[in-house]
Amino acid sequence: MDLASQYAAIGAEIRDAVTKVLASQQFVLGKEGAALEQEIAALCGVRHGIGVASGTDALILALRAIGVNAGDEVLLPPFTFVATGSAVSALGARPVFADIDPATYNVTSVEIARRLTRNTRAIIVVHLYGLAAEMDAIREIAEQHGVHVVEDNAQAIGAKYKGRPTGSLGSIACLSFYPTKNLGAYGDAGMITTDSAELDARLRSLRNHGQSSRYNSSEPGWNSRLDEIQAAILRVKLRHLKEWENARRANAAQYSKLLAGLANVEVPHVPNNREHVFHQYTIRAQRRDELQKFLTERKIGSAVYYPVPLHLQPIYAGLRHGAGSFPEAEKAAAEAISLPMFPELRAGQIEYVARSIAEFYGK
Ligand SMILES: Cc1ncc(COP(=O)(O)O)c(C=O)c1O
């Protein structure tokens, strides 16, 4: 990820937007935030967007708003960033893991059906790396059992499933604007999207001390608001998001073409009914750790998202899931490696990465 090249291209627009906020002297819950909420809601194909302080807060508040309480079970994949699980734990609810599809890295409807109990209150799907999960089948199970589907859309803004944008595919969805995300702020920020006016109203109160009107709190809430400077920066970047998304897709296509002949790696699979936004370009690689070392020696950045699935991290040791409990998540954790991916990546750089991988495998 090279944020400097992005800033070089749009720095003047960003500085202009920030200067306007400074001149307005309005820093919290002002017109930039309100405009961003509308623009993001429109992009996600829903009526409401609620700006919050981070993607993690978006998850905690969304779960709280749909009624997840201490002791409830919440289904989620173990192959995700820890925030997906710790948001559940923060409310005193119990994470129940469901394994992933090896082709898409996303939680499967079959696993969800298998792990659902009468205590299940919600299902969190994570659209990992920028690819939507199999939403129809998951939503059908959720509807049958009267539970909510929460989309962890932190990595997939702009992605589509059967022509519909992520962020509109469940009851409620959570975005992260962490700086390295496809739409990244210059600090922490997040948003919740939903079509429900009721959830929108509840969330506006929850993010602002549970106040239903000023100095009149009706329930314990948080201070979790998206500030005006970040909103103004995000609005500038939003104007470029589509072109960046197309560049990411073109970069991914070039990687996949160059790596297609290698038996030792598996390139990302994109089902026909989905549009991937390639937050990450992640391959499965034999001898992954050795490959990563080799790439580092060649000054090629790479990252492993995620080396330890949630069920094997110390935070969930108490749940007593041993190795082998979620075999697909564990296999992905051992094989996945994400290659350099950002819109400004040049064709020659992609060729150098692909050539280096081929050389590693002696091709
Ligand atoms: C899948 C996933 N969920 C949740 C989060 C949490 O978002 P944030 O870092 O904005 O709190 C992130 C990003 O960091 C993420 O990648």
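One-based numbering, in listed order, for ligands and for the atoms of each.
Using a 4.0 Å cut-off between a side-chain N of Lys or Arg and a carboxylate O of Asp or Glu, E32 and K20 do not qualify as a salt bridge. Contact check on R202 versus E198 returns no salt bridge, with no Lys/Arg side-chain nitrogen under 4.0 Å from an Asp/Glu carboxylate oxygen. Comment: K331 does not engage E328 in a salt bridge, judged by the lack of any side-chain N to carboxylate O separation of less than 4.0 angstrom.
Between the D72 side chain and the R121 main chain, no donor and acceptor come within less than 3.5 Å of each other. With hydrogens and angles ignored, the 3.5 Å screen pairs a side-chain donor or acceptor of R284 with a backbone N or O of P102.
Summarising the contacts of atom 12 (C) of ligand 1 with F81, Y306, Y178, the nearest heavy atom is found in F81.
For ligand 1, one of its N or O atoms has an N or O atom of T56 under 3.5 Å away. The N/O atoms of S176, backbone and side chain alike, include one that comes under 3.5 Å of an N/O atom in ligand 1. Backbone and side-chain nitrogen or oxygen atoms of D57 are examined, and none is located within less than 3.5 angstrom of a nitrogen or oxygen of ligand 1.
Surrounding CD of Q349 are more than 12 heavy atoms belonging to other residues, nucleotides or ligands, all under 6.0 Å away. In this structure, Y178 places its OH atom where only 12 or fewer heavy-atom neighbours from other residues, nucleotides or ligands lie under 6.0 Å away. Residue R94 places its CZ atom among 12 or fewer non-hydrogen atoms of other residues, nucleotides or ligands, all under 6.0 Å distant.
Each of the following atoms of ligand 1 lies closer than 4.0 Å to a heavy atom of G55: 7 (O), 8 (P), 10 (O), 11 (O). Taking a cut-off of under 4.0 Å to the non-hydrogen atoms of T80, the atoms of ligand 1 that pass are 1 (C).
Nearest protein heavy-atom contact of atom 15 (C) of ligand 1 is A154 CB, 3.5 Å. Taking atom 1 (C) of ligand 1 as the reference point, the nearest protein heavy-atom neighbour is D152 OD2, 3.5 Å. Scanning the protein heavy atoms around atom 14 (O) of ligand 1, the nearest turns out to be K181 NZ, 3.2 Å. Scanning the protein for heavy atoms near atom 16 (O) of ligand 1, the closest one is Q155 NE2, 2.9 Å.
Counting heavy atoms under 4.0 Å from ligand 1, residue L128 does not touch it at all. Residue T84 touches ligand 1 through its side chain alone, judged by heavy-atom distances below 4.0 Å.
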